[in-house]
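Here the structure is laid out as structure tokens; the discussion comes afterwards.
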Amino acid sequence: MQSTCAEIQAQVSDRVLEITINRPERKNALTMAMYSAMAELLNNAANDPGIRVVILTGAGGAFTSGNDLADFLGGSATGEESPVFQFMMALYNFPKPVVASVSGPAVGIGTTMLLHCDLSIADDDAVFQMPFVNLGLCPEYCSSFLLPRIMGQAKASELLLLGKKFDAHTAADVNILNEVVYSGEALSRARGYARELAQKAPEAVRLSKKLLRQGTMENGLAVIREEAGHFQKRLQSDEFREAATAFMEKRPADFSKFD
Ligand code: COA
């Protein structure tokens, strides 16, 4: 299976497709071309009987630092026709198991995409963050709906409103992760689970995934759409422009002038 983008690698072995985000000089920040490539790989894998499981991982000691902020500042869209939305839908609707292996930073969609994976394993030095409010944005990819349900309202408010970093053990405690392993071992553990899943009865696995997710799937799409509508507007806001410019200029954002 071929990726359409050099910064997204695809490798198939024993019916497992491994998708590797490979832009380490930007901590694997995701560009539109990268989202498109991942969406296409997932959509092809969904219909390919030769693929039973997908692994999502990142190269060079990072999972992903989320959306490329320069892309966002440059006006790239997140509406329903956009590559980011296409990727979100491809993973959200993916009918086969997805195993995530997280090393280093998993920021923004790097954390929220884990809510749509079936098993997530992280190195013990992985770092998670959903800094949407810090950036003048709002929660995305169903996180405003799913997080209160998986971890309770208090913790979800803490992680989304304060937008603070949290470690792998906290991510496991709040049910974002299945397992935390010693640094450098997440990928081999994820590959082990993927091999195990690929050997199971494929229809039974797919049906079980569908049943496990159908409760949230019913409401999830409407939430993703509502969040995406707000998110797209927030990208045009002065608050976001200040936050993203501050990141590029390596200074704290100053929101004191906003009402
Ligand atoms: N978009 C664009 N560039 C990014 C990026 C992103 N999301 N994340 C990192 N980079 C760039 C940095 O600007 C830096 O560029 P430089 O070498 O030209 O200075 C380079 O990648 C390396 O990142 P750096 O910040 O030096 O690495 P770090 O290990 O100290 O921190 C992060 C890693 C991920 C914690 C930090 O880069 C970060 O917070 N990134 C922004 C995450 C974010 O807000 N994502 C959007 C969510 S909606």
Side-chain angles (χ1 to χ4, degrees), residues 8 17 19 21 30 32 34-48 51 53-56 63-64 66-67 71-72 76-100 106-120 128 130-133 135 137-153 155-157 159-161 174-178 203 205-236 240:
I8 298 294
L17 167 64
I19 299 177
I21 308 169
L30 294 164
M32 295 301 130
M34 293 163 75
Y35 283 121
S36 285
M38 291 198 292
E40 192 172 324
L41 286 167
L42 287 170
N43 289 333
N44 289 341
N47 298 312
D48 183 342
I51 306 290
V53 183
V54 167
I55 294 176
L56 281 180
F63 185 56
T64 168
N67 205 103
D71 257 25
F72 269 168
S76 67
T78 58
E80 297 201 11
E81 299 308 313
S82 69
V84 54
F85 201 85
Q86 301 297 318
F87 164 72
M88 290 200 287
M89 286 300 97
L91 180 60
Y92 185 72
N93 292 315
F94 195 67
K96 303 169 187 179
V98 179
V99 183
V107 183
I109 198 168
T111 295
T112 59
M113 76 169 82
L114 301 176
L115 304 174
H116 306 284
C117 295
D118 301 287
L119 294 174
S120 298
F128 302 80
M130 293 174 283
F132 306 115
V133 169
L135 289 165
L137 299 171
C138 66
E140 41 76 296
Y141 211 0
C142 215
S143 55
S144 64
F145 177 80
L146 290 174
L147 290 179
R149 284 161 179 78
I150 66 168
M151 63 181 64
Q153 196 72 44
K155 205 71 199 171
S157 298
L159 297 182
L160 283 173
L161 293 180
V174 297
N175 297 323
I176 290 175
L177 293 176
N178 293 86
E203 202 176 325
V205 170
R206 289 195 301 272
L207 173 62
S208 300
K209 170 168 178 164
K210 188 174 166 209
L211 291 169
L212 275 160
R213 295 211 166 245
Q214 69 183 4
T216 49
M217 290 287 286
E218 276 171 22
N219 302 306
L221 187 55
V223 177
I224 292 173
R225 287 202 160 114
E226 187 185 353
E227 291 170 337
H230 290 297
F231 197 95
Q232 177 72 13
K233 286 191 196 117
R234 297 302 307 163
L235 286 175
Q236 313 305 320
F240 169 69

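The shown structure was predicted, so the numbers you read here are calculated from the model rather than taken from an experiment.
Put simply, CG on Leu177 and OG on Ser120 are 6.0 Å apart, with the number rounded to the nearest 0.5 Å. With rounding to the nearest 0.5 Å, the separation of CE in Met130 from CG in Leu160 is 4.5 Å. Interatomic distance, CG of Leu91 versus CG of Leu41, reported as 12.5 Å (0.5 Å rounding). Atom CD of Gln214 and atom NZ of Lys210 lie 7.0 Å apart (nearest 0.5 Å).
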**Request:** Take Phe231 and Phe85, measure what ring pair (Phe, Tyr, Trp, His ring centres under 6.0 Å) needs, and give me the verdict at the end.
**Result:** CA-CA 12 Å; Phe231 197 95; Phe85 201 85; over 10 Å; no
**Message:** I'd like to know whether Lys155 forms a side chain to side chain contact (heavy atoms under 4.5 Å, CB included) with Leu147, so could you lay out the CA-CA distance, the side-chain angles of the two residues, the decisive distance to 0.1 Å, and finally the verdict.
**Reply:** CA-CA 8 Å; Lys155 205 71 199 171; Leu147 290 179; over 6 Å; no
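Looking at every heavy atom in both residues, Ser144 comes nearest to Val223 through OG-CG1, 3.8 Å. Nearest heavy atom pair, residue Thr64 against residue Gly110, reads CG2-CA, 3.5 Å. Minimum interatomic distance between Gly220 and Tyr92 (heavy atoms only, all atoms of both residues): CA-OH, 3.1 Å. Listed here is the closest heavy atom pair of Gln153 and Pro148: OE1-CB, 3.7 Å. The two residues Pro97 and Asp118 come nearest to each other via the heavy atoms CA-OD2, 3.3 Å.
Between Ile19 and the options Leu56, Val98, Ile55, a side-chain contact (heavy atoms from CB on, under 4.5 Å) holds for only Leu56. Exactly one of Glu40, Met32, Met88 qualifies for a side-chain contact (heavy atoms from CB on, under 4.5 Å) with Pro83. That residue is Met32.
Screening residues 222-232 for salt bridge (Lys or Arg N to Asp or Glu O under 4.0 Å), with sequence neighbours left out, gives Glu80-Arg225.
The ring pair (Phe, Tyr, Trp, His ring centres under 6.0 Å) check on Tyr141 picks up His116, with sequence neighbours excluded.
Between Phe87 and Tyr35, the angle of the ring planes lies from 30° to 60°, which puts this pair in the tilted group.
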